[in-house]
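Have a look at the structure below, then the notes.
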Protein chains: 2
Amino acid sequence: MSDELILHEDPRSGNCYKIKLTAALLGQPLDARQYDILKGETRTPDFIDNVNPHGRIPVLQVGDRFLPESNAACCYLADGSELIPQDRFAKAEMFRWMFFEQYSHEPNIATLRFWLAFVGEDKLTPEQQSQIMAKRLAGADALQLMDDHLAHQDWFVGGAPSLADIVLYPYSHVAEAGGFRLQEYRNICAWITRVERLPGFIAM
Amino acid sequence: MSDELILHEDPRSGNCYKIKLTAALLGQPLDARQYDILKGETRTPDFIDNVNPHGRIPVLQVGDRFLPESNAACCYLADGSELIPQDRFAKAEMFRWMFFEQYSHEPNIATLRFWLAFVGEDKLTPEQQSQIMAKRLAGADALQLMDDHLAHQDWFVGGAPSLADIVLYPYSHVAEAGGFRLQEYRNICAWITRVERLPGFIAM
């Protein structure tokens with residue numbers, strides 16, 4: 001079938017999980033091919049030539065076409081669904097939080113989790129070591145902004161779950177693995193519970 | 001008028017220019033309020049309370065609502081226009097390049113321009129100094145990926161300009177201010193010329 005969906009992924013990656021969560025909430029079947037990023041399996045010539053010249057996962061394969069970037073894959077899957085608001089401003093607000101996730105959240109919160117829980121603090125380069133404090137502060141800023149926003153509403157945009165919630169959930173709910181203390185963010189904790197109760201939810 | 005558009009910006013920022021370029025190509029009038037980020041004018045209590053709790057520009061004001069994140073503002077302005085492909089996969093590819101821009105391009109290419117051309121290399125912190133080489137390598141990777149992609153097509157997605165081109169142009173065309181050598185990327189140079197010939201184009 002020309003539009004069969006295959007996710008090229010590392011199961012430990014929150015960026016890959018986002019796509020699986022989107023598909024699950026939409027009831028959309030998704031095959032998977034697994035790679036170990038710590039073993040360099042996304043940097044092989046075969047992967048570079050045939051899956052993603054950027055050497056990264058996730059990549060969503062749609063038939064014989066390949067789509068890198070986790071949030072773009074979520075947009076593809078959810079196109080036309082209720083996970084994307086129809087209202088013009090609300091849709092733009094959803095994108096606001098999706099770009100915030102990739103610029104201000106993931107590079108701090110996900111990277112610290114990867115460095116501390118997967119690579120190991122003693123194996124980091126001096127350059128990585130020197131960035132830990134800045135990433136801890138920027139990550140805490142991102143979580144505080146989310147917590148303040150959620151003080152007044154159940155979901156990031158309007159009154160219903162959208163891709164904004166789905167892409168922010170993966171690295172938020174495991175932020176403690178990067179040294180953040182979730183109990184300091186009460187509204188985020190309540191929102192995490194709401195996400196986990198969505199019909200069709202699957203765990204990471 | 002309830003949907004009057006005001007851009008809260010620093011004119012030196014490519015992230016702000018993106019939004020003005022999108023509006024210009026669409027023939028959409030846009031007022032502006034200017035701030036000097038080097039003087040901390042986006043970190044004042046007034047700005048935090050009334051414009052963006054994240055303390056950053058650009059912010060697109062739509063009537064009395066405020067939309068942070070440059071690429072989200074471009075999505076708002078271009079909604080329903082020919083700058084966003086209608087085809088589902090092409091639209092997702094546009095988002096792929098927009099997320100690539102914020103994750104792999106801007107934090108390297110724009111940050112080096114800001115550090116070297118605006119802050120000054122001698123005024124950088126030791127932690128920033130230690131990141132220059134990594135950002136130079138990652139920025140060169142991003143430019144190479146773009147150059148390879150443009151070897152086979154005039155625009156980033158399909159056969160026509162889209163928001164992907166508009167958001168990648170600003171920091172690409174001034175990449176030399178961050179120490180990158182554009183002449184090494186022939187396809188990017190040709191694409192820059194094509195962008196600058198679009199009807200309605202305005203310079204940064």
Side-chain angles (χ1 to χ4, degrees), chain A residues 3 15 48 52-56 59-60 62-63 65-80 86-104 106-107 125-135 141-142 144-146 148-149 163-164 167, chain B residues 3 15 48 52-56 59-60 62-63 65-80 86-104 106-107 125-135 141-142 144-146 148-149 163-164 167:
Chain A
D3 276 357
N15 280 326
I48 299 286
N52 183 6
H54 209 189
R56 294 168 189 227
V59 174
L60 180 65
V62 182
R65 296 177 295 181
F66 294 83
L67 182 64
E69 299 293 335
S70 58
N71 287 1
C74 292
C75 287
Y76 178 82
L77 290 175
D79 196 59
Q86 294 201 335
D87 174 76
R88 180 179 182 179
F89 194 83
K91 185 165 48 176
E93 283 189 301
M94 179 196 79
F95 287 123
R96 172 239 176 142
W97 288 107
M98 293 177 81
F99 284 108
F100 162 84
E101 190 269 334
Q102 284 289 284
Y103 193 85
S104 300
E106 203 267 13
T125 65
E127 185 200 323
Q128 290 171 326
Q129 293 270 3
S130 77
Q131 292 178 56
I132 288 179
M133 187 54 67
K135 287 186 182 292
D141 270 358
Q144 191 61 54
L145 188 80
M146 291 169 61
D148 292 344
H149 185 73
L163 288 184
V167 306
Chain B
D3 277 358
N15 280 326
I48 298 285
N52 183 6
H54 209 190
R56 294 169 188 227
V59 174
L60 180 65
V62 182
R65 295 176 296 180
F66 293 84
L67 182 64
E69 299 291 336
S70 58
N71 287 0
C74 293
C75 288
Y76 178 82
L77 290 175
D79 195 61
Q86 294 200 335
D87 174 75
R88 180 179 181 179
F89 193 82
K91 184 164 50 175
E93 282 189 304
M94 180 196 79
F95 286 123
R96 172 237 175 144
W97 288 108
M98 294 177 79
F99 285 108
F100 162 85
E101 191 269 335
Q102 284 288 285
Y103 194 85
S104 299
E106 204 266 13
T125 65
E127 185 201 322
Q128 289 170 326
Q129 293 270 5
S130 77
Q131 291 178 57
I132 288 179
M133 186 53 67
K135 286 187 183 292
D141 270 358
Q144 191 61 56
L145 189 79
M146 291 168 62
D148 292 345
H149 186 73
L163 288 185
V167 306

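Everything numeric in this text was worked out from a predicted model, so none of it was measured.
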query = Relative to each other, are the rings of A/Phe100 and B/His54 parallel, tilted or perpendicular (30° and 60° limits)?
reply = perpendicular

key: Partner chain A: residue of B/Cys75, B/Ser130, B/Pro68 with the largest heavy-atom pair count (under 4.5 Å)   = B/Pro68

ask   = What part of A/Ser104 gets closer than 4.5 Å to chain B, counting heavy atoms only: side chain, backbone, both or neither?
value = side chain

key: Contacting region of A/Met98 [heavy-atom separation from chain B under 4.5 Å]   = both

query = Does any heavy atom of chain B fall under 4.5 Å from the side chain of A/Gln144, the backbone, both, or neither of them?
reply = neither

key: Winner by heavy-atom pair count (cut-off under 4.5 Å) against chain B, out of A/Arg96, A/Glu106, A/Met94   = A/Arg96

task = Assess the side chains of B/Tyr103 and A/Glu69: does a donor N or O sit below 3.5 Å from an acceptor N or O?
result = no

query = Got a donor-acceptor contact below 3.5 angstrom from the A/Arg88 side chain to the B/Leu77 backbone?
reply = yes

task = For this output row, return yes or no: ring centroids of B/Phe95 and A/Tyr76 closer than 6.0 angstrom.
result = no

task = Would you give the length of the straight line joining atom CG of A/Asp79 to atom CZ of B/Phe89, rounded to the nearest 0.5 angstrom?
result = 12.0 Å

remark   = Most heavy-atom pairs under 4.5 Å with chain B, out of A/Met133, A/Gln131, A/Lys91, A/Glu93, belong to A/Gln131

note = Counting heavy-atom pairs under 4.5 angstrom with chain A, the leader among B/Arg65, B/His149, B/Gln102 is B/Arg65

